[in-house]
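All figures in this text were calculated on a predicted structure; none of them were measured in a lab.
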Number of protein chains: 2
Amino acid sequence: MTTPSSPQGDDGSRWLSDEEQRVWQSYLHGTLLLEDHLDRQLQRDAGLPHIYYALLVHLSHAPDMSLRMTELAKGIKITRSRLSHAISRLEASGWVRREDCSSDRRGQLACLTQSGLAKLRESAPGHVAAVRQGLFDRLSPEQVVQLGEIMRAMTAGLEPESRGADLPWRR
Amino acid sequence: MTTPSSPQGDDGSRWLSDEEQRVWQSYLHGTLLLEDHLDRQLQRDAGLPHIYYALLVHLSHAPDMSLRMTELAKGIKITRSRLSHAISRLEASGWVRREDCSSDRRGQLACLTQSGLAKLRESAPGHVAAVRQGLFDRLSPEQVVQLGEIMRAMTAGLEPESRGADLPWRR
DNA sequence: CCGAACTGGTTAAACGTTCAAGGATAGGTA
DNA sequence: TACCTATCCTTGAACGTTTAACCAGTTCGG
């Protein structure tokens, strides 16, 4: 489902093998389903999209539960623009607070509030359970290791070759 | 990055192990990067989001290059609503045409046009190359097999337990 | 046949993301 | 100091997705 038919591009580029096609289909299908599963669980139980939840978690691990916007964006791998919108929403809900950065007047800190921390504590178990149910409970220990390796290999090739409009580091 | 700290939920639910945490991070990171890679490549070279491209491909494999809306939605695993919007856009671009279904007057067929087929032929090689570059070129043959297995296992657990508003079959 | 329930598909509004632009501060370099 | 450029973050508009109705046609039980 990646290509029309015929085994090879006119320009000599290779299509995918049958095996690769099947795996690619499974990949698309599986990742879509899992993402959806998690998004729904969080939306339902916490009223948050997955990425917004990830932002709270990330902040909760940071010193003082606060981070510079750019750091946070890099950590979660989203654009600053997206982060800016997201933090606005989280701020409106009272889970995050913006603070001016003392050492750089351009800077802003995103700080997790007590209310945000409470929100997180409350919704974490359900989320973890969903991750287990959707992924780890279905994989053997060897498969977990394999998946880690595979993802490392994937990531390696896609990392930080700057492109795009907003950024030197990509989404 | 899935949970706040402490090894176990108050209710006795298990957190993820360190290994699992790492793998989960890699998974989130890797899948995000790959999806982004493909979306950008297609947006840049074909002016289409990945899913829209997938719709064209799916149609190109169907008999008469046309499918009932619901079939198409099931094939790609998206909601009917989303499909409806998507087909409207593709129709506006002239790559897909809607036709009334002769056997069921409620039904609509989405048909790939010649122009849509041309579009597909033109953009396929670049897309395949991106899939190779982002995934298959970085995996050993064994890893490809492993990935297939892992995705099958994931999918199995998430498949069709109807929930949500619009549907019996989920996104 | 009649009505209830279901199926196929669309729509409007709310939401989130991207894209392109812009304002403010910082860090050079002359 | 005066500039030029890079960095930090935000904004508004365009786009795509979700959600929750909604209408029309079909099916099934009486």
Side-chain angles (χ1 to χ4, degrees), chain A residues 32 35-44 47-55 67-74 76-93 96 98-110 162-171, chain B residues 32 35-44 47-55 67-74 76-93 96 98-110 162-171:
Chain A
L32 190 66
E35 195 192 326
D36 198 51
H37 176 63
L38 298 182
D39 253 352
R40 278 176 197 280
Q41 184 273 324
L42 279 170
Q43 192 69 54
R44 175 164 44 78
L48 282 177
H50 189 190
I51 296 225
Y52 285 49
Y53 176 87
L55 289 175
L67 281 174
R68 287 287 294 267
M69 295 296 278
T70 295
E71 294 309 306
L72 184 48
K74 277 198 245 192
I76 305 283
K77 267 93 191 171
I78 59 176
T79 59
R80 274 177 288 191
S81 171
R82 188 173 173 183
L83 178 63
S84 198
H85 289 297
I87 292 294
S88 296
R89 182 193 183 300
L90 292 174
E91 197 174 22
S93 304
V96 168
R98 274 187 239 242
E99 268 181 29
D100 293 339
C101 175
S102 51
S103 60
D104 183 338
R105 258 179 300 197
R106 294 167 303 180
Q108 288 281 100
L109 295 179
S162 64
R163 265 176 298 159
D166 188 285
L167 17 105
W169 35 269
R170 304 310 345 308
R171 184 212 226 222
Chain B
L32 188 67
E35 196 192 324
D36 197 52
H37 176 61
L38 297 182
D39 252 354
R40 277 175 198 281
Q41 184 274 321
L42 279 171
Q43 193 68 55
R44 177 164 42 79
L48 282 178
H50 188 191
I51 297 227
Y52 285 48
Y53 176 86
L55 288 175
L67 282 174
R68 288 287 294 268
M69 295 295 279
T70 296
E71 294 310 307
L72 184 49
K74 277 197 246 191
I76 305 283
K77 268 89 190 173
I78 59 177
T79 60
R80 278 178 281 187
S81 172
R82 188 172 172 185
L83 178 63
S84 198
H85 288 298
I87 293 293
S88 297
R89 182 191 183 301
L90 291 174
E91 197 173 23
S93 305
V96 168
R98 272 186 240 243
E99 268 180 30
D100 293 339
C101 174
S102 51
S103 61
D104 183 337
R105 257 179 298 198
R106 294 167 301 183
Q108 290 279 101
L109 295 178
S162 63
R163 262 175 302 158
D166 190 285
L167 17 109
W169 35 269
R170 300 314 344 305
R171 182 213 226 224

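Between the CZ atom of B/Arg82 and the P atom of D/dT19 there is a distance of 11 Å, given to the nearest Å. In this structure, the CD atom of B/Gln108 is 16 Å from the C1' atom of D/dT26, given to the nearest Å. Put simply, NZ on B/Lys74 is 10 Å from P on C/dG9, counting in whole angstrom units. Regarding B/His50, its NE2 atom lies at a distance of 12 Å from the P atom of D/dT17, rounded to whole Å. To the nearest angstrom, C1' of D/dC9 lies 16 Å from CD of A/Glu99. As a whole-Å value, the separation of A/Leu109 CG from D/dC9 C1' is 12 Å. Look at CZ on A/Arg80: it is 13 Å from C1' on C/dA24, rounded to the nearest Å. Whole-Å rounding puts the B/Ile87 CD1 to C/dT10 P distance at 9 Å.
Contact check, B/Tyr52 against D/dC15: no side-chain N or O comes under 4.0 Å of OP1 or OP2. Considering only side-chain N and O atoms, B/Arg40 lies under 4.0 angstrom from the phosphate OP1 or OP2 of C/dC19. The phosphate of C/dG9 has OP1 or OP2 within less than 4.0 Å of a side-chain N or O from B/Thr70.
Along DNA chain C, the nucleotide nearest A/Pro49 and the nucleotide nearest A/Asp104 are compared for position; the residue whose nucleotide lies closer to the 5' end is A/Pro49. Nearest-nucleotide positions on DNA chain D place A/Met69 closer to the 5' end than the other of A/Met69 and B/Gln43.
To the nearest 0.5 Å, the span separating CG on A/Leu109 from OG on A/Ser103 amounts to 8.0 Å.
In the set C/dT17, D/dC9, D/dG16, C/dT17 carries the atom at the smallest distance from any side-chain atom of A/His85. You'll find that the side chain of A/Arg105 is closest to C/dA26, out of C/dG16, C/dA26, C/dT10. Taking the side chain of B/Arg106 as heavy atoms from C-beta on, and the options C/dC19, C/dG16, D/dA24, the nearest nucleotide is D/dA24. Across D/dT10, C/dT18, C/dT11, the shortest atom-to-atom separation from the side chain of A/Thr79 is found for C/dT18. Residue A/Arg89 has its side chain nearest to C/dC15 when only C/dT17, D/dT18, C/dC15 are considered. In this structure, of C/dT10, D/dT10, D/dT11, it is D/dT11 that holds the atom nearest to the side chain of A/Ser81.
Not one N or O on the side chain of A/Asp39 forms a donor-acceptor pair closer than 3.5 Å with the backbone of A/Pro49. Remark: side-chain polar atoms of A/Ser88 are paired, donor with acceptor, to backbone N or O of A/Ser84 under 3.5 angstrom. Looking only at distances, no side-chain donor or acceptor of B/Glu99 sits under 3.5 Å from a matching main-chain atom of B/Gln108.
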TODO: Show your working on side chain to side chain contact (heavy atoms under 4.5 Å, CB included) between B/His50 and B/Gln43 and close with a plain yes or no.
DONE: CA-CA 8 Å; B/His50 188 191; B/Gln43 193 68 55; over 6 Å; no
